[in-house]
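Chain letters run A, B, ... following the sequence lines, proteins first and then strands; every chain starts at 1. Fair warning: this is a prediction, and the values are worked out from it, not measured in the lab.
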Number of protein chains: 2
Amino acid sequence: MEKVKKRSDCPISCSLDVLGDKWSLLIVRDLLEKQQSTYGDFLKAEEKIATNILATRLQMLEENGIISKLDHPESKAKVLYKLTKKGIDLLPIIVEFGFWADKYYTIDKGKKAALREIKKDKETFIKTTIQDLKKGLEKG
Amino acid sequence: MEKVKKRSDCPISCSLDVLGDKWSLLIVRDLLEKQQSTYGDFLKAEEKIATNILATRLQMLEENGIISKLDHPESKAKVLYKLTKKGIDLLPIIVEFGFWADKYYTIDKGKKAALREIKKDKETFIKTTIQDLKKGLEKG
DNA sequence: CTTTGCACTTGCAAAATGAAAGTAAAATTA
DNA sequence: TAATTTTACTTTCATTTTGCAAGTGCAAAG
């Protein structure tokens, strides 16, 4: 449990010092879905983040203990990014974002179906997914 | 259910076109907590948003159907901002932000206690709060 | 009828963004 | 082994956004 830097008390304020940015949240979402990504994977993502912005966001998320940089097992030229426990615990927020978007916007069928499944037993899904992701941390 | 504008499918992307900004989320949070606010109320908030930024964010949130501008019952000089149903449905996201911040940052005792209460029966809290807020819409 | 309060708008310097090109090390290919 | 490609960034620079301060215009209060 770190101490908050700037703002003293309001929960959402201190979260948003780190996460109040589209790109940060998209990086987190990608990592929740894929467990790990390389720099190039992020660049290839649908949302087309600029490379300099990606670099600063990755650095910022790492400094704030949300992601960590690891050696790629297959190549020294590659870097693996993974969520830390703190980052994994953002899953409920991302899930709720998904439900909300599903209700008010048009999203693709695959995502819609996935969300419908999750909705059937949200708490269990979140619990087991977080567990799995945190297990993945110990090994890799 | 509106159609998404820019991005076609990914749930979080389309949410973040509207919400991927610290100030937008803080405005939503304020309105969830206080039901309604004037322009001045937002300015007085702890986070110290600049007045021009506040104006553009309010306009943007209104254009996206998340808040609505109403006449103040007591004065023509004042304006009341309230969440729409779409805006009220953001409550789960804000609540999850709160839990996450509570876990990883230092937040004040009052907020901490409130979150602890909510945690005891999160689903009921969210359901009844959303109900209350939506009732408030019909009247006011 | 002047002053105060309220909801903005405007102007401007500073910072952040985004597109494109560049760099350096590692891996692959010739 | 040399040349090329891949990978993860960094740099540059024009454009956009931010943040601060001051201003505007209408409503209400004194």
Peer 1: Which letter, B, S or -, goes with each nucleotide of nucleotides 16-27 of chain D from 5' to 3', with contact meaning a protein heavy atom under 4.0 Å?
Peer 2: --SBBBB----S
Peer 1: Holding to side-chain hydrogen bond (donor to acceptor under 3.5 Å, both in side chains), I want the full list of residues that pass it with A:Glu117, two or more places apart in sequence or in another chain.
Peer 2: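 If we apply the side-chain hydrogen bond (donor to acceptor under 3.5 Å, both in side chains) test to A:Glu117, skipping adjacent residues, the hits are A:Lys120.
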Peer 1: Could you state the CG-C1' distance from A:Leu43 to D:dT7, rounded to the nearest angstrom?
Peer 2: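 To the nearest whole Å, that distance equals 10 Å.
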Peer 1: Restricting to salt bridge (Lys or Arg N to Asp or Glu O under 4.0 Å), what partner residues turn up for A:Asp30, sequence neighbours left out?
Peer 2: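 With neighbours one apart ignored, the set is empty.
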Peer 1: Can you name the closest pair of heavy atoms from B:Pro73 and B:Leu80 and give their distance?
Peer 2: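 Heavy atoms of B:Pro73 and B:Leu80 come nearest at CD-CD1, 3.9 Å.
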Peer 1: Just jot down the side-chain hydrogen bond (donor to acceptor under 3.5 Å, both in side chains) partners of A:Lys112, sequence neighbours excluded, or say none.
Peer 2: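 For A:Lys112 the side-chain hydrogen bond (donor to acceptor under 3.5 Å, both in side chains) partners, ignoring immediate neighbours, are A:Asp102.
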Peer 1: Quickly, which of B:Ile66, B:Asp21, B:Ile27, B:Val18 forms a side-chain contact (heavy atoms from CB on, under 4.5 Å) with B:Met60? Name it, please.
Peer 2: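 Passing option: B:Val18.
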Peer 1: From CG of A:Asp41 over to P of D:dT6, roughly how many Å is that when rounded to an integer?
Peer 2: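 My rounded result for the distance is 15 Å.
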Peer 1: More 5' along DNA chain C: A:Glu74 or B:Gln59, using each one's nearest nucleotide?
Peer 2: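 First, find each residue's nearest nucleotide; the 5'-ward one identifies B:Gln59.
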Peer 1: Give the C-alpha distance, both sets of side-chain angles, the deciding distance and a yes or no for salt bridge (Lys or Arg N to Asp or Glu O under 4.0 Å) between A:Lys44 and A:Asp41.
Peer 2: CA-CA 5 Å; A:Lys44 275 177 244 144; A:Asp41 290 337; 3.5 Å; yes
Peer 1: First and last nucleotide of DNA chain C in contact with chain A, 5' to 3', at under 4.0 Å to a heavy atom: what are they?
Peer 2: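 The protein-touched segment is C:dT17 to C:dA27.
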Peer 1: Under the rule for salt bridge (Lys or Arg N to Asp or Glu O under 4.0 Å), what residues qualify as partners of B:Glu74, not counting sequence neighbours?
Peer 2: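 Partners of B:Glu74 by the salt bridge (Lys or Arg N to Asp or Glu O under 4.0 Å) criterion come out as none, since no residue qualifies.
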Peer 1: Would you say B:Tyr81 and B:Lys69 make side-chain contact, with heavy atoms under 4.5 Å?
Peer 2: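 Result yes, sub-4.5 Å side-chain heavy-atom pair found.
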Peer 1: Reckon A:Tyr81 has a side-chain N or O less than 4.0 Å from the OP1 or OP2 of D:dC9?
Peer 2: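 For D:dC9, OP1 or OP2 has a side-chain N or O of A:Tyr81 closer than 4.0 Å.
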Peer 1: For B:Lys69, answer base if it contacts any base atom (sugar-phosphate contacts may also be present), sugar-phosphate if it contacts only those atoms, and nothing otherwise; contact means non-hydrogen atoms under 4.0 Å.
Peer 2: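 Sugar-phosphate only.
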